[in-house]
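Heads up: the structure comes next, in structure tokens.
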Amino acid sequence: MLDIAYIRNNPQEVAEKLARRGFEIDFAEFLEADARRRALMHENEESKAERNRQSAQIPVIKKEGGDVSAWTARLRELSDRIKENDILINTMAEEQLEFLRAIPNIPSDDIPAGGKENNEVVSVWGEPIPVDASMKNHVELVESTGMIDYERGAKLSGSGFWIYRGAGAVLEWALLNYFINDHLNDGYEMLLTPHILNYSCGYVGGQFPKFEEDVFQIRGGGDEFQFILPTAETALTNIHADEILAEEELPKKYFAYTPCYRREAGSYRANERGMIRGHQFNKVEMFQYTRPEDSEEAFAELVRKAGRLVEGLGLAHRISMLAAGDCSAGMRKTFDIEIWIPSMQIYKEVSSVSTAGDYQARRGSIRFRRAETGKVEFCHTLNGSGLATSRVIPAIVEQCQQPDGSIIVPEVLKPWMHGIDVIRPIGEGHA
RNA sequence: GGAGAAGUACCCAAGAGGUCGAAGGGGACGGUUUGCUAAACCGUUAGUGGGGGUAACUCCAGCGAGGGUUCAAAUCCCUCCUUCUCCGCCA
């Protein structure tokens with residue numbers, strides 16, 4: 001959510017900056033209503049002050065044995081008027097909030113304007129492996145090696161679900177350990193959060209109401225539902241909601257492993273078969289709460305970390321700076337780490353590192369007290385996947401495949417592979 | 001799932017319709033005393049959100065959350081949330 005005071009003072013500037021992400025808005029009507037609301041509020045608060053003053057007289061008069069019926073009658077009228085105005089003010093405030101919530105974050109000045117087509121490649125690491133008729137794609141590879149069992153996954157849960165098994169499961173878990181190890185070395189605190197979250201978490205994270213239909217909802221008796229988290233970011237954004245942190249506590253550096261659950265409704269395109277898009281995948285998420293002046297450096301750190309993880313695996317990848325229109329609504333700036341998928345001959349996102357500035361902090365009321373001034377300010381929040389496995393595994397099996405169909409396990413995963421350094425195809429009927 | 005109890009400021013805790021934005025402790029901070037420490041004594045300590053004002057300042061809201069009753073609610077009523085205790089269930 002944007003700062004309403006800032007909009008009041010700089011409506012033109014805000015509108016221009018939002019236009020860079022393709023969001024057209026005119027604040028004239030909104031500001032007019034805002035002024036009306038505040039005027040009414042002022043008037044009503046004076047009425048309340050008056051009521052408080054007069055009401056305090058009643059016990060005094062009573063004590064002297066006076067008659068208060070004239071006072072109560074008059075105050076009843078005043079009170080009724082106050083109540084009516086309160087309802088009106090609340091309605092106006094709600095409309096205002098609804099309007100504000102629908103406004104995306106102001107994109108950072110240092111990213112390109114426009115949509116996807118303006119994304120800029122910041123750096124490239126490794127050689128994009130050219131297509132070769134003898135090479136297999138990841139779906140063939142994970143099936144021929146028995147790493148993934150799609151058929152039985154679908155039997156249990158429907159399409160878009162799979163089972164990691166044998167060396168595949170070990171590799172998956174080794175990857176997660178590799179990520180976790182890196183974050184622990186960097187002093188990040190590890191969190192294992194609940195996977196079922198309250199509705200309000202989705203709101204603060206900025207996913208709701210827009211993406212309500214994209215999560216698995218759990219309905220109880222009430223109107224509001226709980227949901228299974230689509231990313232640990234949703235949990236991590238909320239842990240300090242409605243809190244005032246001490247300045248010394250910042251930056252708070254967290255990471256969490258959770259499976260991520262997404263409905264991904266609609267049919268997949270043919271080239272998104274296999275693990276590129278599923279209803280459940282594993283991810284380690286990095287998250288930071290910082291002081292405003294530290295968020296740029298924190299952003300650079302998260303990008304560096306995500307890139308380094310892919311590099312450590314020896315996988316070809318690149319880093320892209322997203323144009324304003326391609327960043328998700330709550331974010332000021334996003335860099336994607338994209339990994340080369342030889343069979344598709346494209347780079348696919350494995351990590352998305354974003355800074356929300358104070359946008360999420362305003363929604364969730366996440367603040368800190370500045371030691372020097374004693375004043376309360378909004379934190380900045382940043383998040384980045386570090387990493388999602390569902391696209392790393394395809395990249396590993398494709399980029400590390402040998403002519404005989406075996407897959408060489410990246411060196412860096414050895415500590416967790418229980419001696420498996422090559423994953424070989426299994427014979428027919430060995431299911 | 002059933003039955004009870006409780007949620008007040010940094011912590012403990014009083015409060016039961018009218019100077020209650022809230023007694024009293026503790027803690028923290030400042031001071032007096034002191035060779036040092038301790039003790040004693042004195043003082044300060046509601047943060048927050050939101051209006052108005054250039055400002056000093058001022059007003060409104062706020063006692064788990066949301067509604068209601070009333071001229072007036074921490075106090076009465078309703079709904080919800082959380083915690084604790086007991087019973088049941090426990091692949």
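Side chains included, hydrogens not; waters and symmetry mates left out as well; all remaining heavy atoms used. Note that the structure is a prediction, hence the values are computed from the model and not measured.
Residue A:Leu75 has its side chain nearest to B:C71 when only B:G47, B:G51, B:C71 are considered.
Counted by atom type alone, A:Glu233 and A:Gln360 present one or more donor-acceptor pairs between their side chains at under 3.5 Å. Between the side chains of A:Asp336 and A:Ser352, at least one donor N or O sits under 3.5 Å from an acceptor N or O. Between the side chains of A:Ser200 and A:Asn198, no donor-acceptor pair of N or O atoms lies under 3.5 Å. Inspection of the A:Glu13 and A:Tyr6 side chains reveals an N or O donor paired with an N or O acceptor under 3.5 Å.
Distance CD1 (A:Ile244) to C1' (B:A9): 13 Å, rounded to an integer number of Å. As rounded to whole Å, 11 Å separates atom P of B:G66 from atom CG of A:Asn90. Put simply, CD1 on A:Ile58 is 14 Å from C1' on B:U19, counting in whole angstrom units. A:Asn9 has its CG atom 13 Å from the P atom of B:U54, to the nearest Å. Atom CD of A:Gln96 and atom C1' of B:G50 are 12 Å apart (whole Å). Spacing between atom CZ of A:Arg369 and atom C1' of B:G47 amounts to 6 Å, rounded to whole angstrom units. As a whole-Å value, the separation of A:Asp242 CG from B:G64 P is 16 Å. Remark: C1' of B:G18 and CH2 of A:Trp71 are 14 Å apart, rounded to the nearest angstrom.
Annotation: of the two residues near RNA chain B, A:Pro59 and A:Arg367, the 5′-most nearest-nucleotide partner is A:Pro59. Mapping A:Gln54 and A:Asp34 onto RNA chain B via the closest heavy atom, the residue that lands nearer the 5' end is A:Asp34.
Comparing B:A56 with B:A73, their P atoms are spaced 31 Å from each other, to the whole Å. Atom name P, nucleotides B:G24 and B:G43: the rounded distance is 11 Å, in whole Å. Taking atom P on both nucleotides, B:C63 is separated from B:G7 by 14 Å, rounded to a whole Å. A distance of about 39 Å separates the C1' atoms of B:A16 and B:A39, rounded to the whole Å. Atom C1' of B:G18 sits at a distance of 6 Å from the matching atom of B:A72, rounded to the whole Å. Nucleotides B:A91 and B:C12 have their P atoms positioned 38 Å apart, rounded to a whole Å. Only the P atoms considered, B:C84 is 30 Å distant from B:U48, to the nearest whole Å. Taking atom P in both B:A23 and B:G15, the straight-line distance is 14 Å, to the nearest Å.
Across all strands shown, B:G62 forms no Watson-Crick or G-U wobble pair with both key distances under 3.5 Å. In this structure, B:A40 and B:U32 make a Watson-Crick or G-U wobble pair, each of the two defining distances being under 3.5 angstrom. Of all nucleotides present, none satisfies the Watson-Crick or G-U wobble test against B:A13 with each distance under 3.5 Å. Using Watson-Crick or G-U wobble geometry with both donor-acceptor distances under 3.5 Å, B:A3 finds its partner in B:U85.
For B:A72, the OP1/OP2 oxygens have a side-chain nitrogen or oxygen of A:Arg51 closer than 4.0 Å. For B:G52, the OP1/OP2 oxygens have a side-chain nitrogen or oxygen of A:Arg38 closer than 4.0 Å. OP1 or OP2 of B:C71 lies within a sub-4.0 Å distance of a side-chain N or O belonging to A:Arg76.
Within 4.0 Å of A:Asn52, counting heavy atoms only, lie sugar-phosphate atoms of the nucleic acid but no base atom. Backbone-only contact: A:Arg8 has heavy atoms under 4.0 Å from sugar-phosphate atoms and none from a base. If you check every strand for non-hydrogen atoms under 4.0 Å, A:Val376 touches sugar and phosphate atoms only. Across all strands, A:Ala49 comes closer than 4.0 Å only to sugar-phosphate atoms, never to a base (heavy-atom distances).
For A:Lys333 and A:Glu296, the salt-bridge test passes: some basic side-chain N is under 4.0 Å from an acidic carboxylate O.
Taking 3.5 Å as the limit, the base of B:G52 and the side chain of A:Glu45 contain no donor-acceptor pair of atoms between them. The base of B:C71 sits within donor-acceptor range of the side chain of A:Ser55, with an N or O pair under 3.5 Å.
With rounding to the nearest 0.5 Å, the separation of CD in A:Gln288 from OG1 in A:Thr355 is 10.0 Å.
Around the NZ atom of A:Lys155, the shell of radius 6.0 Å holds no more than 12 heavy atoms that belong to other residues, nucleotides or ligands.
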